[in-house]
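Below, chains carry the letters A, B, ... as their sequence lines are ordered, and counting in each starts from 1.
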Protein chains: 2
Amino acid sequence: MKTLEKILENNKVKPTAMRLLVLQFILRKKTALSLSQLENYFDNADRTTIYRTIKTFVEKGLVHQIDDGTGVTKYALCEENCECEIETDLHLHFHCTKCEETTCLTEHKIPQINLPEGFIAENINLVVKGICDKCSTS
Amino acid sequence: MKTLEKILENNKVKPTAMRLLVLQFILRKKTALSLSQLENYFDNADRTTIYRTIKTFVEKGLVHQIDDGTGVTKYALCEENCECEIETDLHLHFHCTKCEETTCLTEHKIPQINLPEGFIAENINLVVKGICDKCSTS
DNA sequence: ATAAGTATTGCAACAATAGTGCATTAACTG
DNA sequence: CAGTTAATGCACTATTGTTGCAATACTTAT
Ligand SMILES: [Mn+2]
Ligand SMILES: [Mn+2]
Ligand SMILES: [Zn+2]
Ligand SMILES: [Zn+2]
């Protein structure tokens with residue numbers, strides 16, 4: 001069980017108060033989160049600070065961004081030793097249309113995609129929409 | 001070769017002047033387009049009218065929306081007898097990071113995705129980013 | 001310990017996209 | 001032609017994301 005400070009230091013991020021709080025929030029949450037969720041939770045913190053905190057986390061490879069098709073960027077913790085690019089990861093994401101939560105399916109890698117002649121793939125984003133496990137069994 | 005009017009009527013859309021012009025523009029363009037591209041092209045037309053024209057086209061199944069990960073929704077003509085949902089289609093989309101054009105790869109269907117227990121898929125969006133055929137051969 | 005330099009934060013402002021309310025105009029129906 | 005419905009134009013709003021800059025906090029060298 002690593003401390004919050006250790007996690008930040010391992011990713012070469014200086015552990016400031018705000019960064020520790022944001023990291024704690026991300027760690028506790030099992031699904032991906034948006035900036036506005038953080039803004040609502042830390043309602044006396046500055047919007048820009050939260051924005052730049054997440055930006056730093058993304059740049060340092062601590063979290064990855066997810067475009068789940070809702071128009072709002074989501075963020076989730078990277079796996080340990082994760083090799084994901086800055087923009088996306090190789091695993092697929094699930095967006096539940098009922099609870100509106102976005103989940104990283106880290107075990108489910110994106111299958112091989114074959115493209116027409118001349119197209120060169122650099123990055124792939126695969127988002128499945130539907131009903132998540134929690135919502136389907138309740 | 002169908003006339004523009006026929007295409008609209010087949011989709012139960014009344015052929016107004018603006019709708020015909022927008023449809024013509026979409027038909028001529030081989031790649032997906034954004035609202036701002038339409039706004040720039042029809043620079044004396046009202047933004048809202050263009051917005052609602054596209055919205056009507058989407059609702060009537062004439063075009064489908066594409067979330068290509070750029071943050072700007074793109075629109076492209078549906079194939080004939082296309083069974084695509086309102087939001088997305090079953091084929092994959094390619095976004096070129098060089099020319100910034102988004103292409104429908106209508107022949108390339110999204111492969112079967114298996115999900116963890118309890119997750120129910122309703123819709124899948126797969127976007128590949130990279131270099132398109134035109135940009136890779138020039 | 002102090003001063004200088006660097007990193008972080010807070011505030012204000014901006015831009016782009018998306019969307020709504022409502023009055024006006026055009027088209028259609030009897 | 002009058003009455004009804006549909007489409008358009010204008011103004012305004014909301015949200016997300018982003019930047020500039022001044023004020024703090026933190027670090028490092030004298
Ligand atoms: Mn993920
Ligand atoms: Mn398409
Ligand atoms: Zn759910
Ligand atoms: Zn290209």
(request) Using atom NZ of Lys74(A) as one end and atom C1' of dT16(D) as the other, report the distance to the nearest whole Å. (result) 12 Å

(message) Looking at Lys55(B), I'd like to know whether one of its side-chain N or O atoms comes within less than 4.0 Å of OP1 or OP2 on dT8(D).
(response) no

Review item, side-chain donor-acceptor pairs of residues 14-28 of chain B, under 3.5 Å, at least two apart:
unit_1   : atom_1 : unit_2   : atom_2 : d
Thr16(B) : OG1    : Arg19(B) : N      : 3.3
Arg19(B) : NH1    : Lys14(B) : O      : 3.0

(request) Find the distance Met18(A):CE to dA7(C):C1' and express it as a whole number of Å. (result) 17 Å

(request) Return the minimal non-hydrogen interatomic distance between Asp68(B) and Gly71(B), and the atom names on each side. (result) OD1-N, 4.5 Å

(message) With a cut-off of less than 4.0 Å, is there a side-chain N or O of Thr16(A) near OP1 or OP2 of dT9(C)?
(response) yes

(request) Kindly give the heavy-atom pair with the smallest separation between Lys74(B) and Ala32(B), and that separation in Å. (result) CB-CB, 3.7 Å

(message) What is the distance, to the nearest angstrom, from the CG atom on Leu20(B) to the C1' atom on dA7(D)?
(response) 13 Å

(request) Figure out the CD1/P separation between Ile54(A) and dT8(C), and round it to whole Å. (result) 15 Å

(request) Ignoring hydrogens and angles, answer whether the base of dG17(D) and the side-chain atoms of Arg52(A) contain a donor-acceptor pair closer than 3.5 Å. (result) no

(message) Can you tell whether the side chains of Glu101(A) and Lys29(A) come within less than 4.0 Å, N to carboxylate O?
(response) yes

(request) Work out which heavy atom in His108(B) is nearest to a heavy atom in Pro116(A); give both atom names and the distance. (result) CE1-CG, 3.4 Å

(message) Side chains of Thr102(A) and His95(A): any donor to acceptor distance under 3.5 Å?
(response) yes

(message) What's the closest nucleotide to the side chain of Val72(A) if the choices are dT17(C), dT8(D), dG17(D)?
(response) dG17(D)

(message) Between Thr73(A) and Lys14(A), which residue's closest nucleotide on DNA chain D lies nearer the 5′ terminus?
(response) Thr73(A)

(message) Can you list, in residue-number order, the parts of residues 40-51 of chain B that come under 4.0 Å of DNA chain C, counting heavy atoms only?
(response) Arg47(B), Thr48(B), Tyr51(B)

(request) Could you check how far CG of Leu38(A) sits from C1' of dG17(D), rounded to whole Å? (result) 14 Å

(request) Using atom CD of Glu39(A) as one end and atom C1' of dG10(C) as the other, report the distance to the nearest whole Å. (result) 14 Å

